[in-house]
Number of protein chains: 2
Amino acid sequence: MQNLSKNQQIIFDLIDKSPQPLKAYSILFNVQKKGIKAPLQVYRALDKLVEIGKIHKIESRNAFIACQNSSCQISKATAFSICENCEKVTEINNSSLSKYLTGFKDKNGMKYNKYNLEFFGLCKKCISKKI
Amino acid sequence: MQNLSKNQQIIFDLIDKSPQPLKAYSILFNVQKKGIKAPLQVYRALDKLVEIGKIHKIESRNAFIACQNSSCQISKATAFSICENCEKVTEINNSSLSKYLTGFKDKNGMKYNKYNLEFFGLCKKCISKKI
DNA sequence: TTACAAAATGTTATATTATAACAATTTAAC
DNA sequence: GTTAAATTGTTATAATATAACATTTTGTAA
Ligand SMILES: [Zn+2]
Ligand SMILES: [Zn+2]
Ligand SMILES: [Zn+2]
Ligand SMILES: [Zn+2]
């Protein structure tokens with residue numbers, strides 16, 4: 001766990017406080033008052049934060065969420081549940097699932113060193129609202 | 001299995017013949033000689049093809065691949081292996097995996113109706129080349 | 001066979017997401 | 001202190017995707 005640089009810390013703090021995933025340009029808008037003015041500054045910080053496992057990218061949403069586990073072994077094994085109604089995203093921390101997927105071998109002979117899994121459905125709240 | 005419209009058929013044929021996933025603007029470039037001139041025409045066909053399960057979107061690559069199974073129950077349960085060296089993508093068809101994931105229940109009480117899984121690593125060829 | 005609705009198409013403009021290229025500054029290691 | 005690596009700053013541009021609106025085609029049923 002290394003120290004974050006100024007821009008990395010500003011952007012991580014914002015994402016970490018957010019209850020839902022944030023998009024890059026929404027992050028940009030929110031950190032402009034702190035002196036981060038250009039998309040590239042945001043993307044560079046995001047790249048680094050993803051690389052060190054402090055945040056994850058939700059690929060189907062082009063959005064970023066703070067890691068809710070212990071940096072997921074540097075983002076090598078990630079799983080999320082995504083509510084298609086309210087867009088709430090939760091990181092799944094389930095050892096049976098991660099064991100199964102980490103140990104998974106397909107017949108194609110590929111050697112996997114990473115996976116990303118996204119489940120879609122309705123969250124408890126949205127089910128109970130019968131939406 | 002409904003019939004495809006003209007644009008849908010043109011674009012599906014192109015994707016289906018391709019050994020690797022295709023990106024939207026690469027598709028656009030390749031079908032301009034067939035009269036499809038605007039991005040929106042491509043995206044509309046892609047949306048429809050995804051909806052009916054003839055193709056899948058590889059989210060981490062923003063690219064599209066023809067379904068290699070039987071339209072994956074209308075794209076509700078998809079898994080891919082992606083070589084990070086040569087970018088070869090293969091659709092995984094493994095009933096143990098799909099059973100496990102379709103039956104997966106997390107403690108958060110969410111009801112899942114869909115998932116997408118992407119494995120990353122090195123394909124056989126790239127391993128043997130020791131890249 | 002006409003009338004209607006749904007789906008698909010055509011077209012222009014624009015929004016959103018992401019990177020290239022280059023220069024300067026800060027940080028960390030030796 | 002010198003150097004290399006990482007980070008930052010800045011402008012421009014590339015790549016991905018959708019909005020809005022008009023028209024045409026297709027399927028269905030009176
Ligand atoms: Zn995590
Ligand atoms: Zn919800
Ligand atoms: Zn499929
Ligand atoms: Zn390969």
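Naming: A, B, ... by sequence-line order, numbering from 1 per chain.
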When the distance from [atom1] of [X] to [atom2] of [N] is rounded to whole Å, what number comes out?
X       : N      : atom1 : atom2 : value
B:Asn7  : D:dT26 : CG    : C1'   : 14 Å
A:Ile10 : D:dT8  : CD1   : C1'   : 11 Å
A:Leu4  : D:dT8  : CG    : C1'   : 15 Å
B:Leu22 : D:dA17 : CG    : P     : 13 Å
A:Gln9  : D:dT7  : CD    : C1'   : 15 Å
B:Leu28 : D:dA14 : CG    : C1'   : 15 Å
B:Gln32 : C:dG10 : CD    : C1'   : 14 Å
B:Leu46 : D:dT18 : CG    : P     : 10 Å

**Request:** Fit a plane to each ring of B:Tyr115 and A:Phe119, take the angle between them on a 0 to 90° scale, and name the class: parallel (under 30°), tilted (30 to 60°) or perpendicular (over 60°).
**Result:**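 Answer is perpendicular, since the angle exceeds 60°.
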
If we count only N and O atoms by modelled type, under 3.5 Å, do the side chains of [X] and [Y] hold a donor and an acceptor together?
X        : Y       : answer
B:Asn108 : A:Thr90 : no
A:Asn69  : A:Glu91 : yes
B:Ser60  : A:Glu59 : no

**Message:** Could you walk me through whether B:Leu4 and B:Ile11 satisfy the side-chain contact (heavy atoms from CB on, under 4.5 Å) test, starting with their C-alpha distance in whole Å, then the side-chain angles of each, then the deciding distance to 0.1 Å, before giving a yes or no?
**Reply:** CA-CA 10 Å; B:Leu4 300 180; B:Ile11 287 171; over 6 Å; no

Could you list, one pair per line, each protein nitrogen or oxygen that sits under 3.5 Å from a nitrogen or oxygen of nucleotides 24-30 of chain C, together with the distance?
none

**Asked** Between CD of B:Glu118 and CD1 of B:Ile82, what distance do you get to the nearest 0.5 Å?
**Response**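 B:Glu118 CD to B:Ile82 CD1: 4.0 Å, rounded to 0.5 Å.
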
**Message:** Quick one, B:Ser95 with B:Tyr100, criterion side chain to side chain donor-acceptor pair (under 3.5 Å). Give me CA distance, side-chain angles, the key distance, then yes/no.
**Reply:** CA-CA 8 Å; B:Ser95 63; B:Tyr100 184 88; over 6 Å; no

Any N/O pairs under 3.5 Å between the protein and nucleotides 11-20 of chain C? List them or say none.
| residue | atom | partner | partner atom | Å |
| --- | --- | --- | --- | --- |
| C:dT17 | OP1 | A:Lys23 | NZ | 2.3 |
| C:dA18 | OP1 | A:Lys57 | NZ | 2.6 |
| C:dA18 | OP2 | A:Tyr43 | OH | 3.1 |
| C:dA18 | N7 | A:Tyr25 | OH | 2.8 |
| C:dA18 | N6 | A:Tyr25 | OH | 3.1 |

**Prompt:** Is the backbone N or O of B:Ser5 less than 3.5 Å from a side-chain atom of B:Gln8, with the two atoms forming a donor-acceptor pair by type?
**Reply:**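 A pair under 3.5 Å: yes.
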
**Request:** Look at the side-chain N and O atoms of B:Ser5 and state whether any lies under 4.0 Å from the OP1 or OP2 oxygen of D:dT25.
**Result:**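 For B:Ser5, the contact criterion (side-chain N or O under 4.0 Å from OP1 or OP2 of D:dT25) is not met.
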
**Asked** Are any of A:Lys6's side-chain N or O atoms less than 4.0 Å away from OP1 or OP2 of D:dT7?
**Response**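 Result: no.
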
**Request:** Output every pair passing side-chain hydrogen bond (donor to acceptor under 3.5 Å, both in side chains) with a member in residues 14-31 of chain B, not counting sequence neighbours, ordered by first then second residue.
**Result:**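 Sorted result for residues 14-31 of chain B: B:Ser18-B:Gln20.
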
